[in-house]
Amino acid sequence: SLLTSFTYSKKKRLLKTKQRSMAEDQGAATAMETTAVEKQPEAEAAPSVPKTKRMMVAIDESDSSFYALQWVIDHFSNLLMTTEAAEGDGGMLTVVHVQSPFHHFAAFPAGPGGATVYASSTMIESVKKAQQETSAALLSRALQMCRAKQIRTETLVLEGEAKEMICEAVEQMHVDLLVVGSRGLGKIKRAFIGSVSDYCAHHANCPILIVKPPKELMTK
């Protein structure tokens with residue numbers, strides 16, 4: 001009948017409208033889930049790793065110490081900030097030289113001819129001036145080597161026992177890596193005067209790299 005046909009047609013339209021509404025709701029929910037999944041990695045991004053590193057190289061008058069410095073420049077320049085880079089990116093290289101302490105007196109063997117000789121003020125000033133000139137020359141040479149590769153470098157001059165002062169500087173300056181050269185001392189000489197590299201290897205408050213020079217350099 002006409003009434004039955006009208007009722008059936010109306011129900012059919014309502015069913016289609018309901019199906020379309022459910023499809024739209026399902027599509028919106030899927031879009032929300034996709035958005036949530038896409039944004040999730042961004043919310044849980046890993047923290048950035050600091051790039052700053054501080055390395056220290058100890059130098060003296062020996063060729064082995066400058067060999068160690070050149071070795072660092074050749075192998076770690078990518079970790080050290082260049083002079084053209086912005087501050088805060090990369091690392092810093094500290095070149096340290098330790099002057100020997102000057103004793104104001106010299107004691108001779110006890111006995112009839114034994115005596116203690118004190119240095120004059122003129123001698124003291126002369127020795128200190130010579131030490132300063134030596135330190136300046138060594139650090140100038142080191143800076144030239146570093147600038148050739150545009151390494152960001154600072155210099156440090158200390159006075160005292162070399163092995164002890166180096167370890168103190170490492171701790172105070174929060175050094176990440178200490179590099180020293182090896183002089184290749186024999187067993188007897190090492191037993192009597194000790195070795196800076198050996199001492200630092202046991203007492204430095206950071207990893208230490210001991211660079212051994214080639215044989216021809218060690219024989220000089």
Side-chain angles (χ1 to χ4, degrees), residues 52-77 79-80 91-107 119 124 127-149 151-220:
T52 302
K53 294 289 182 183
R54 180 180 290 274
M55 298 184 186
M56 176 179 287
V57 179
I59 63 169
D60 55 18
E61 297 86 350
S62 66
D63 291 333
S64 59
S65 67
F66 280 91
Y67 179 87
L69 175 61
Q70 188 61 54
W71 196 94
V72 170
I73 294 173
D74 293 339
H75 293 82
F76 291 106
S77 58
L79 299 178
L80 300 170
M92 168 74 79
L93 176 62
T94 301
V95 180
V96 59
H97 172 64
V98 183
Q99 297 178 166
S100 300
F102 178 72
H103 300 287
H104 293 188
F105 63 90
I124 294 173
V127 171
K128 287 185 176 181
K129 184 178 179 180
Q131 286 183 327
Q132 293 172 357
E133 291 175 352
T134 300
S135 298
L138 293 174
L139 295 178
S140 176
R141 178 185 171 187
L143 283 174
Q144 288 180 0
M145 294 169 60
C146 295
R147 287 170 181 168
K149 291 293 183 71
I151 301 296
R152 188 185 179 205
T153 312
E154 64 179 3
T155 58
L156 180 64
V157 178
L158 302 173
E159 183 176 346
E161 187 67 29
K163 52 191 177 183
E164 296 176 357
M165 298 304 297
I166 291 172
C167 290
E168 288 182 13
V170 164
E171 184 174 1
Q172 293 176 4
M173 301 178 69
H174 306 288
V175 174
D176 298 300
L177 177 65
L178 172 63
V179 182
V180 296
S182 174
R183 288 189 172 186
L185 299 177
K187 293 182 179 180
I188 298 177
K189 195 172 183 181
R190 187 186 299 270
F192 277 99
I193 68 174
S195 167
V196 172
S197 58
D198 284 349
Y199 183 91
C200 292
H202 290 89
H203 296 87
N205 192 26
C206 76
I208 177 173
L209 176 63
I210 301 174
V211 180
K212 186 176 181 180
K215 291 182 179 179
E216 57 270 18
L217 198 64
M218 296 174 64
T219 54
K220 292 183 178 181

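Only this structure's heavy atoms are used, side chains among them; waters, hydrogens and symmetry mates stay out.
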- Task: Locate the shortest heavy-atom distance separating Leu158 from Met165; write the atom from each residue and the value.
- Result: CD1-O, 3.8 Å

- Between His97 and Val157, is there a donor-acceptor pair closer than 3.5 Å when you use the side chain of the first and the backbone of the second? no

- Query: Looking at CE of Met145 and CD of Gln70, how far apart are the two atoms once the value is rounded to the nearest 0.5 Å?
  - Reply: 4.0 Å

- Flag, side chain of Ser64 to backbone of Gly181, donor-acceptor distance under 3.5 Å: no

- Note on the structure: Here the gap from Leu138 atom CG to Gln99 atom CD, rounded to the nearest 0.5 Å, amounts to 9.5 Å

- Message: Using 0.5 Å steps for rounding, measure from the CG atom of Leu80 to the CD1 atom of Ile151.
- Response: 5.0 Å

- Contact summary for Tyr67 and Lys212, nearest pair of heavy atoms: CE2-O, 3.9 Å

- Hey, are the side chains of Cys146 and Leu93 touching, using non-hydrogen atoms and a 4.5 Å cut-off? yes

- Message: Is there a side-chain contact between Leu156 and Met173 in this structure, where contact means two heavy atoms from C-beta onward sitting under 4.5 Å apart?
- Response: yes

- Please say which of Ile208, Asp176, Val175 ends up in a side chain to side chain contact (heavy atoms under 4.5 Å, CB included) with Val170. Val175

- Heavy-atom side-chain contact between Leu209 and Phe76 under 4.5 Å: yes

- Note on the structure: Residues Pro101 and Gly160: closest non-hydrogen pair is CD-O, 3.3 Å

- Task: Kindly indicate whether the side chain of Lys53, heavy atoms from C-beta on, has any atom under 4.5 Å from the side chain of Leu177.
- Result: no

- Between Ser140 and Thr155, is a side chain to side chain contact (heavy atoms under 4.5 Å, CB included) present by the stated rule, with each step listed? CA-CA 9 Å; Ser140 176; Thr155 58; over 6 Å; no

- Item | Distance in Å, Leu69 CG paired with Leu143 CG, rounded so as to fall on 0.5 Å steps | 9.5 Å

- Query: Within a radius of less than 6.0 Å around CD of Glu154, do more than 12 heavy atoms belonging to other residues, nucleotides or ligands occur?
  - Reply: yes

- Message: If I compare all heavy atoms of Ala142 with all of Phe66, which pair ends up nearest, and what's the gap?
- Response: N-CE2, 4.0 Å

- Under-4.0 Å salt bridge between Lys128 and Glu159: no

- dist Ser135:OG -> Glu61:CD (nearest 0.5 Å) comes out at 8.0 Å

- Do the side chains of Ile59 and Leu139 get nearer than 4.5 Å, heavy atoms only? yes

- Query: Less than 4.5 Å apart, any side-chain heavy atom of Val179 and any of Met55?
  - Reply: no

- One should read off an interatomic distance between Ile210 CD1 and Cys200 SG, to the nearest 0.5 angstrom, of 8.0 Å

- Salt-bridge present (Asp198, Lys163; N to O < 4.0 Å): no

